Number of protein chains: 2
Amino acid sequence: MKVLIVEDDPLHRSYLHEAVRSALPECEQVLEADNGGAGEKLARENKSAHVVMDLQMSARNGIEAARTIWKERPDTRILFWSNYADEAYVRGVSRIVPPGAAYGYVLKSASDDRLKLALRSIFIESQCVIDREVRGLQQKSLGHANGFTDSEYEVLMDIALGLTDRAIAKRRNLSLRSVQNRLQQLYEKLDVYQPMNDNEESRFNLRARAVTIAFLRKLLNYSALERAEAELADWHSGR
Amino acid sequence: MKVLIVEDDPLHRSYLHEAVRSALPECEQVLEADNGGAGEKLARENKSAHVVMDLQMSARNGIEAARTIWKERPDTRILFWSNYADEAYVRGVSRIVPPGAAYGYVLKSASDDRLKLALRSIFIESQCVIDREVRGLQQKSLGHANGFTDSEYEVLMDIALGLTDRAIAKRRNLSLRSVQNRLQQLYEKLDVYQPMNDNEESRFNLRARAVTIAFLRKLLNYSALERAEAELADWHSGR
DNA sequence: GTCCGTCTTGCAGAAACCCGCAAATTTTCT
DNA sequence: AGAAAATTTGCGGGTTTCTGCAAGACGGAC
């Protein structure tokens, strides 16, 4: 068995290396990459079926890397090992995991044991292991109790990118009014209307405020924005 | 001599501890805190004059912590040790460093030697040490060659918070039109007008797009937004 | 002082945004 | 299939944003 580690930070990388060695004695080789691009390359060359991946690396995003790896070999097992449980990340991961694939999401703040257990469960038993904190988000975001539907999330990304109503309508094949409807739902759910500190006359620019709140609530983050921007460019070049 | 380490990540914390021990043999005690709040407390209790501080910690921000520490003892020497050189961080730090104080800004990607050298320069020699990458940003942002004036940055934060033109005018004591002038300057400098992929009819919502671009260029980030939101709440409660 | 540049302000109009109302359409459920 | 619920769409109008034009205001340079 071979394991590929994709991780920015040298300290974390060697810590992971150690953890893999100790949790998986049957592993005869550990590969390391320090950014997403190198990770993809190594995975391709070595036909790696077992990957531990950091999200948020400066050069190339972990989610991007995971996506291309999974596109080439959908049965690859990937353990995401991340600092944060932002909804933006969780959503980003759920969107790309192929049906039936085994994967995991463990926070860096988890204990040694938890990490090692996750490594064995995923790589040996092919089970999915999702940290409790992360799991909570996933439930909430998919079962739309408090969470957002896909269309609301879509329109959120669109205004975060700075598109006009008209542009969104074109992109999503909707009428202008429908877009505005979705925006209204979004504003409602994000609770944009609260007049800060019961100061009556302080109103917000709803559109901009929605993005702000989404950021503060970690529905959005840099990496999500980056991905959205790339998708937009794609769509744009395809007319 | 005592040194206080404020750092989220246990791995990085112990690495720092080691570095301090080896670079500063005259240091007889190393204190550790794992978030900004605890850091402030320890600094206060121990009258620490030498601090190594991580920016971006989940609980309480490094910049916030540094600010209160410096408010209580402006001669404290602080070395900021950060993953990123976002302009938002650099700007945030420059804004709070007291006149004449010795401080440093070193990236986590720097070598062992660089870190140790910085530790000695700042704590022993009272010199300022700023990483080259960071320095570049600082130049650009202060000397307003390509950078932004304070008023432009202010208005950028304000729209990022989701304020209306009117609200900004009230907050900054300007007329509506002046606010809009500054917005125009901002749009100009951020190059918001470029029609994506020479597609003529795709225009952006300038206000939202400006924020997006600022994020992508790292003029803004989560922590800056968080601070701005807190400032806004302050201002609001003071009518 | 005068001149020049930058910043501020008002006015006005085009475009975009926000939203209530109501009809048409699609989806979901029984 | 038929009813209920959710979505989509058009219309209309009130508000906000964006911008050109032009008239002061402030400050520094000569």
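Naming convention: chains lettered A, B, ... in sequence-line order (proteins, then strands); numbering from 1 in each chain. Quick caveat: nothing in here was measured; it's all calculated off a predicted structure.
- Between A/Ser178 and the phosphate of D/dT8, there is no side-chain N or O to OP1/OP2 separation shorter than 4.0 Å.
- Using cut-offs of 30° and 60° on the angle between ring planes, the pair A/Tyr187 and A/Tyr193 is perpendicular.
- When each of A/Leu4, A/Leu79, A/Val6 is paired with A/Met53, the side chain to side chain contact (heavy atoms under 4.5 Å, CB included) condition holds for A/Val6 and for no other.
- Taking every side-chain heavy atom of B/Leu206 into account, D/dC18 is the closest of C/dT9, D/dC18, D/dT9.
- A donor N or O paired with an acceptor N or O is found under 3.5 Å between the base of C/dC19 and the side-chain atoms of A/Gln180.
- The distance between atom CZ of B/Arg166 and atom P of C/dT9, rounded to the nearest whole Å, is 15 Å.
- Across all strands shown, B/Arg182 has heavy atoms under 4.0 Å from sugar-phosphate atoms exclusively, and none from any base.
- Taking the six-membered ring where the residue is Trp, A/Phe123 and A/His50 present perpendicular rings, their angle passing 60° and hence far from 30°.
- Using a cutoff of 4.0 Å between basic side-chain nitrogens and carboxylate oxygens, B/Arg95 and B/Glu231 are scored as salt-bridged.
- A donor-acceptor contact under 3.5 angstrom links the side-chain atoms of B/Arg177 to the base of D/dG20.
- Using a 4.0 Å heavy-atom criterion, one finds that A/Asn205 contacts the sugar-phosphate atoms exclusively.
- Across C/dC18, D/dT9, D/dC18, the shortest atom-to-atom separation from the side chain of B/Leu183 is found for D/dC18.
- Checking C/dC19, D/dT9, D/dT19 against every side-chain atom of B/Tyr193, the shortest atom distance belongs to D/dT19.
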